[in-house]
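As C-alpha cells, the structure follows; a few thoughts come after it.
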Amino acid sequence: HWHRHEEEDEFFYVVCGHLDIDLEGRPLGMAPAKGFTVPKGVLHRTRAPSRTVILMVEKAGVVPTGD
C-alpha cells in the first residue's frame with residue numbers, strides 16, 4: 001500500500017527479520033539492528049518477505065496507512 005504522511009516523519013527499526021521499504025525511486029532493504037526515518041511527505045510502502053519484528057515510532061493519532 002503506497003502512502004505518505006504529510007505532517008509526520010515515520011521511524012522504523014528492525015529487531016529481527018528483514019524489512020523492505022520502497023521509497024519514490026528506490027528500494028531500501030533493512031536488516032536487524034538497522035533503522036530508517038521516512039521523512040514527512042515521502043511516498044512509501046513497507047513489506048516483510050518473512051516473519052519480521054519491527055519497532056515503528058510515530059506520533060499518536062497518525063494513521064499507519066497514510067493521509
Side-chain angles (χ1 to χ4, degrees):
H1 172 99
W2 286 96
H3 66 284
R4 71 180 84 231
H5 306 280
E6 296 297 341
E7 302 297 325
E8 309 294 339
D9 295 340
E10 191 172 30
F11 177 76
F12 296 90
Y13 178 83
V14 178
V15 177
C16 66
H18 181 89
L19 181 68
D20 291 318
I21 301 178
D22 296 321
L23 304 164
E24 294 176 286
R26 72 179 176 116
L28 174 67
M30 294 180 56
K34 298 296 180 186
F36 182 77
T37 300
V38 178
K40 65 182 177 183
V42 173
L43 188 64
H44 65 285
R45 71 175 175 180
T46 57
R47 300 176 291 117
S50 60
R51 187 174 191 276
T52 300
V53 177
I54 65 166
L55 171 66
M56 186 171 71
V57 180
E58 57 193 11
K59 286 188 174 181
V62 170
V63 178
T65 56
D67 297 337

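Throughout, numbering of the chain's residues begins at 1 and tracks the sequence. Only a predicted model underlies this, so the values are computations on that prediction, with no experimental measurement involved. Heavy atoms only: backbone and side chains are in, while hydrogens, waters and symmetry mates are out.
Val15 is not connected to Met56 by any chain of hydrophobic side-chain contacts under 4.5 Å among Ile, Leu, Val, Met, Phe, Trp and Tyr, and they are in different clusters. A continuous path of hydrophobic side-chain contacts links Val53 to Val57 [ILVMFWY only; heavy atoms under 4.5 Å].
Scanning for side chain to side chain donor-acceptor pair (under 3.5 Å) contacts around Asp22 gives Arg45, Arg47, with sequence neighbours left out.
You'll find the side chain of Asp20 stays beyond 4.5 Å of the side chain of Pro27, heavy atoms only. A 4.5 Å side-chain heavy-atom check between Phe12 and Leu28 finds every atom pair outside the cut-off.
When all heavy atoms of Pro32 and Cys16 are compared, the pair lying nearest together is CG-CA, 4.1 Å. His18 approaches Pro49 most closely through the heavy-atom pair O-CD, 3.4 Å.
Expressed to the nearest 0.5 Å, how far CD of Glu7 lies from NZ of Lys40 amounts to 6.5 Å.
Using cut-offs of 30° and 60° for the angle between ring planes, the Tyr13 and Phe11 rings count as parallel.
Side chains of Glu10 and His44: a donor on one and an acceptor on the other come within 3.5 Å.
For residues 23-34, the set of pairs meeting the side-chain hydrogen bond (donor to acceptor under 3.5 Å, both in side chains) definition, not counting sequence neighbours, is empty.
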